[in-house]
Structures are given as structure tokens and as C-alpha cells.
Amino acid sequence: MPIILLTEAVKSRTVLRALALSFSIKSRYRSSQYHRFTYSRIAEEYHIGRDKAKALIAILVEMNLATIQGGNILF
């Protein structure tokens, strides 16, 4: 991950949380792919609200760190 991206993330708590979610999923799933993806499933697994999960993933997609492909999400 580029250092400039991490420097920018430190300035925004929400972006930092989105990156933490991404790293957590990448560490739990070897392929970095979350199968049968739903916002509710991620929210339940990480003990956050569905709206929060949706917002964090939207940030990751905007930063090109995640892509949603059908029923899967790839980090």
C-alpha cells in the first residue's frame, strides 16, 4: 500500500476505519475475497451497523481498494 494513501488515511478517522476493515477481511480470508457478500453479513461479523458497513465499503470502492463482483467483494 502506498505511503501517501496511509498518510491521507490518518487525517480522516472514517477512512482509517475503512482501511482497518479491509485489512481485517484480508487477514481472515486467504484469497482476499468475501463470498456471498452482503452488508448485513459484514455488519454482523464485525459488530458494526449495516449503514456503517455500507459506508466503509463505499469508501474502499471509491479508493479502488475493493471491487464488488456479483455476490462477491474483492479487497
Side-chain angles (χ1 to χ4, degrees):
M1 175 170 283
I3 192 71
I4 204 116
L5 185 61
L6 291 174
T7 305
E8 290 298 317
V10 172
K11 296 177 185 176
S12 172
R13 189 174 204 173
T14 307
V15 173
L16 198 57
R17 286 182 178 171
L19 288 174
L21 177 67
S22 174
F23 286 134
S24 178
I25 291 172
K26 285 180 75 59
S27 71
R28 292 179 85 177
Y29 299 97
R30 186 173 216 175
S31 67
S32 299
Q33 187 168 8
Y34 196 93
H35 298 283
R36 296 183 310 274
F37 159 74
T38 63
Y39 296 112
S40 297
R41 190 167 164 224
I42 287 181
E44 184 178 319
E45 188 171 331
Y46 289 95
H47 306 287
I48 57 176
R50 184 186 177 284
D51 291 335
K52 176 64 97 176
K54 190 173 185 177
L56 294 176
I57 290 173
I59 290 169
L60 292 170
V61 169
E62 182 180 306
M63 295 171 70
N64 293 324
L65 296 176
T67 56
I68 299 173
Q69 303 168 342
N72 302 326
I73 186 167
L74 178 65
F75 293 90

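Since we're looking at a predicted model, the values are computed, not measured.
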Going from [atom1] on [X] to [atom2] on [Y], what distance comes out if it is rounded to the nearest 0.5 angstrom?
X   : Y   : atom1 : atom2 : value
R41 : R50 : CZ    : CZ    : 14.5 Å
L65 : S32 : CG    : OG    : 11.5 Å
K52 : H47 : NZ    : NE2   : 16.0 Å

Quick check: is [Y] connected to [X] through a chain of hydrophobic side chains (ILVMFWY, heavy atoms under 4.5 Å apart)?
X   : Y   : value
Y39 : Y46 : yes
I57 : L16 : no
L60 : L74 : no
V61 : F75 : yes

Assess whether ring-ring contact (aromatic ring centres under 6.0 Å, His included) is satisfied between Y29 and Y34, documenting all intermediate values. CA-CA 7 Å; Y29 299 97; Y34 196 93; 5.2 Å; yes
With heavy-atom distances below 4.5 Å as the criterion, would you say the side chains of I25 and I42 are in contact? yes
Do R17 and I48 have side-chain heavy atoms sitting under 4.5 Å apart? no
Take atom CD in E44; do more than 12 heavy atoms of anything else shown fall under 6.0 Å from it? no
Work out which heavy atom in N72 is nearest to a heavy atom in R36; give both atom names and the distance. OD1-N, 3.3 Å
